[in-house]
**Student:** 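Below: one structure in structure tokens.
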There are 2 protein chains.
Amino acid sequence: MLEAKLSEAGTLKKLLDAIKELVTDANFECNEEGIVLQAMDNSHVALVSVKFAAPAFKRYRCDRPMPLGVNLTSLTKVLKCAKDDDICTLKAADEADVLNLVYEAKNSDRIAEYDMKLMDIDADTLNIPETEYDARVTLPSAEFTRIVRDLSQLGESVRIEVSKEGVRFASDGEAANGNVLLRQSDGSHITGSTIKPKTEADDEEEEEAEGSSRKKAKVKKEKNDDDVEMEDDDKDEDKEKEDEDEEDFQPKENEDGEEEKDDEGEEEDSGSKKRKKKANGTSKPSKKPKTSKSKGKATEDEDSSSVVIEMNQHVSLTFSLKYLVNFSKSASLSPKVQLMMSNDVPLLVAYDFNQGYIRYYLAPKIGDD
Amino acid sequence: MLEAKLSEAGTLKKLLDAIKELVTDANFECNEEGIVLQAMDNSHVALVSVKFAAPAFKRYRCDRPMPLGVNLTSLTKVLKCAKDDDICTLKAADEADVLNLVYEAKNSDRIAEYDMKLMDIDADTLNIPETEYDARVTLPSAEFTRIVRDLSQLGESVRIEVSKEGVRFASDGEAANGNVLLRQSDGSHITGSTIKPKTEADDEEEEEAEGSSRKKAKVKKEKNDDDVEMEDDDKDEDKEKEDEDEEDFQPKENEDGEEEKDDEGEEEDSGSKKRKKKANGTSKPSKKPKTSKSKGKATEDEDSSSVVIEMNQHVSLTFSLKYLVNFSKSASLSPKVQLMMSNDVPLLVAYDFNQGYIRYYLAPKIGDD
DNA sequence: ATTGATATTC
DNA sequence: GAATATCAAT
């Protein structure tokens with residue numbers, strides 16, 4: 001059975017608000033490590049991946065893996081019945097067809113209890129390979145929201161270009177063309193290093209979860225990946241085969257020859273090497289899980305209003321603004337957002353929060369410049 | 001002629017906002033005691049009763065009784081032309097076909113004057129017997145609003161159950177079932193006593209208004225009463241006649257045999273059994289007008305965030321959430337609301353304010369458990 | 001921009 | 001009664 005107590009129902013409410021328009025039904029895969037949700041958006045163009053590690057909960061218990069098929073519209077309604085600061089406990093018996101939610105007001109005798117019906121949903125367990133990217137832009141989530149909303153008024157797509165100059169978001173429309181350029185906040189020059197999604201939480205989680213067996217391998221993502229990623233829904237079999245490039249999520253660690261990136265190959269072991277990978281000569285300890293954040297350089301530790309750009313290679317990709325605007329609704333969950341890109345590969349938009357994250361993958365438009 | 005000066009136009013605005021969706025046209029019955037409005041809602045399912053006693057006004061004068069037929073939509077528009085803190089004076093000549101409204105800004109030389117057309121409306125003077133109830137729940141009006149709005153997302157009706165445990169609001173829906181339990185704030189045990197709507201204002205008003213002639217008679221409400229209450233609009237004549245059964249409002253009980261409820265009859269008489277309606281034999285001196293308000297007991301004196309439950313008998317009734325949500329719009333007029341219930345009798349939802357009130361009556365759904 | 005209310009249709 | 005769509009209010 002599952003029993004997860006969240007100290008703030010608001011966290012779940014925000015999460016649902018962020019993804020309910022993208023996905024209508026999804027399995028909340030619960031196991032002893034926590035709860036994850038992965039689903040393609042309704043039109044199968046984007047992929048959403050959410051994780052709440054067990055430590056994210058005030059109390060967490062899950063005897064055995066169980067997928068909870070949830071209609072997000074229903075869950076949204078039920079969550080609207082909770083106040084943001086209510087203590088929220090999720091419970092589900094094994095094989096249950098209902099999810100029980102209890103809301104306890106922190107300072108009152110009010111107790112609300114809801115039983116939401118569950119449904120069977122095809123478990124299209126998506127396999128999302130953890131890849132490395134050519135560039136990562138870390139910026140205030142509100143800034144990202146503002147940019148995509150502004151540009152969405154001009155046109156339907158945006159070209160995101162990361163260069164030494166900074167990151168430029170440009171959109172052309174009937175009535176006007178526009179672009180927004182963000183430079184590295186501290187003006188320091190842009191340097192590349194191993195770039196892959198990472199969060200403090202991830203570090204911990206991954207290590208523990210995979211033990212050391214899981215390699216943080218630094219696989220770079222090749223063109224094919226996107227296909228795979230976005231498509232695997234349709235063709236996951238492919239990946240199973242072994243195209244090596246395809247892979248989805250697990251990387252085989254290194255093949256190491258990364259043609260695109262030259263430096264990735266060797267990771268340094270600063271701290272625990274697992275997490276960090278990067279290399280080239282600059283090797284900046286990208287980020288050590290927790291030890292010494294590499295904050296010194298351009299890492300994600302800067303204050304929340306800063307823009308950090310990490311780039312190993314110039315990238316220029318075009319995406320549908322409609323989706324980005326949707327993704328940007330997750331801004332309420334984190335003050336910062338990371339945009340990870342490699343040419344011809346799906347963009348990864350990551351919002352990390354304490355012991356969890358929401359990540360969105362969106363394939364670039366072809367013919368992008 | 002009528003001349004009533006209200007120190008805050010906002011009060012009237014809030015009142016109109018609260019009832020305009022329920023009633024489109026109504027008579028403002030003015031006499032020397034003040035102004036009252038009673039009307040069935042547009043679908044004749046609920047009854048709204050509003051009272052502004054003369055002392056509620058900064059100045060009040062009404063030479064002789066006069067009904068002012070008002071289209072609430074028009075009045076709402078006219079009131080939107082007033083600022084909440086404007087001093088508002090209502091004037092109407094005898095036999096006038098217009099209501100004159102003057103808004104004076106408190107600190108300026110601004111004076112706005114409007115003349116709103118009046119209309120003739122059948123004076124279905126509803127006769128609402130003042131009855132005693134088996135249970136009264138006094139809670140923050142915002143809490144009530146929250147509960148009915150939350151539950152209205154799940155289903156269309158709510159079962160309100162008052163027991164020793166507290167008061168539970170439960171609704172079942174397609175996607176989920178939910179319930180909210182409120183316990184007596186101070187944890188004191190629930191005790192019964194005479195339960196009937198009361199407010200300081202009411203006490204004064206009623207006595208004076210009716211003089212001693214009007215009996216505060218402790219009429220218990222029998223099934224018939226309700227009928228009358230809710231239905232008379234259509235058929236007031238009817239009531240006058242005496243058909244007893246139609247209704248909506250009441251089930252006429254009994255004929256006494258209550259097939260539905262078996263135990264009602266004997267309930268525990270904790271407290272004062274008076275309420276127990278049912279009865280056919282139990283008559284209880286319902287309440288004393290003003291003498292000793294039964295306030296001594298659990299009355300409305302608690303702080304605004306508390307929940308007070310007074311119960312003489314367990315009650316379980318089912319109501320349409322649509323109406324309750326509508327009623328709850330009156331929360332802006334009072335920080336607290338009283339829910340008064342007896343099995344098989346219309347619910348009374350009362351918002352009391354200085355020298356006045358808004359009360360709503362709603363018949364329970366039959367077949368409620 | 002978001003939420004609630006209204007109207008219309010199945 | 002439920003869902004969609006449009007409009008209004010905050």
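Values below: all heavy atoms of this structure, side chains included; hydrogens, waters and symmetry mates excluded. By convention in this document, chain letters (A, B, ...) are assigned in the order of the sequence lines, proteins followed by strands, and residues within each chain are numbered from 1.
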**Student:** Please say whether more than 12 non-hydrogen atoms of neighbouring residues, nucleotides or ligands are located less than 6.0 Å from NZ in A:Lys322.
**Tutor:**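 No.
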
**Student:** What residue pairs, at least two apart or across chains, pass side chain to side chain donor-acceptor pair (under 3.5 Å) with a residue in residues 167-181 of chain A?
**Tutor:**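 Matches after skipping sequence neighbours: A:Glu165-A:Arg168, A:Arg168-A:Asn179.
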
**Student:** Show each protein N/O and nucleotides 2-5 of chain C N/O combination with a separation under 3.5 Å, one pair to a line.
**Tutor:**
| from | atom 1 | to | atom 2 | distance (Å) |
| --- | --- | --- | --- | --- |
| C:dA5 | OP1 | B:Lys329 | NZ | 3.3 |

**Student:** Is it the case that the ring center of A:Tyr360 lies less than 6.0 angstrom away from the ring center of A:Tyr323?
**Tutor:**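 Ring centres of A:Tyr360 and A:Tyr323 not closer than 6.0 Å.
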
**Student:** Using the side-chain contact (heavy atoms from CB on, under 4.5 Å) criterion, which residues pair with B:Asp25? Sequence neighbours excluded.
**Tutor:**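 Listed in chain order: B:Asn71, B:Met119, B:Ile121.
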
**Student:** I'd like a table of atom pairs between the protein and nucleotides 1-7 of chain D - only N or O on both sides, under 3.5 Å - with the distance next to each one.
**Tutor:**
| from | atom 1 | to | atom 2 | distance (Å) |
| --- | --- | --- | --- | --- |
| D:dG1 | OP2 | B:Glu156 | OE1 | 2.1 |
| D:dG1 | OP2 | B:Glu156 | OE2 | 2.9 |

**Student:** Taking distance alone, no hydrogens or angles, what donor-acceptor pairs closer than 3.5 Å link side-chain atoms of residues 75-89 of chain B to residues at least two apart or in another chain?
**Tutor:**
| from | atom 1 | to | atom 2 | distance (Å) |
| --- | --- | --- | --- | --- |
| B:Thr76 | OG1 | B:Leu72 | O | 2.7 |
| B:Asp84 | OD1 | B:Lys13 | NZ | 3.2 |
| B:Asp86 | OD2 | B:Lys83 | N | 2.9 |

**Student:** Are any non-hydrogen side-chain atoms of B:Val162 and B:Met341 less than 4.5 angstrom apart?
**Tutor:**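 A side-chain contact exists here, since the closest heavy-atom pair is under 4.5 Å.
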
**Student:** Given the rule in the side-chain contact (heavy atoms from CB on, under 4.5 Å) test, do B:Leu139 and B:Val337 qualify, once you have shown the distances and angles that lead to the verdict?
**Tutor:** CA-CA 6 Å; B:Leu139 70 165; B:Val337 61; 3.6 Å; yes

**Student:** Just the dot-bracket of DNA chain D, please: which string comes out with Watson-Crick or G-U pairs under 3.5 Å, [ ] for crossing, | for another strand?
**Tutor:** ||||||||||

**Student:** Would the B:Tyr114 and B:Tyr103 ring centres measure less than 6.0 Å apart?
**Tutor:**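 Yes; B:Tyr103 has its ring centre under 6.0 Å from that of B:Tyr114.
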
**Student:** Would you check, one step at a time, whether the test side-chain contact (heavy atoms from CB on, under 4.5 Å) holds for A:Asn42 with A:Leu22?
**Tutor:** CA-CA 6 Å; A:Asn42 297 327; A:Leu22 225 41; over 6 Å; no

**Student:** Decide, yes or no, whether a salt bridge links A:Glu104 with A:Arg110 under the criterion of side-chain N to carboxylate O below 4.0 Å.
**Tutor:**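 Here A:Glu104 does not pair with A:Arg110 in a salt bridge, since their nearest N and O are not under 4.0 Å apart.
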
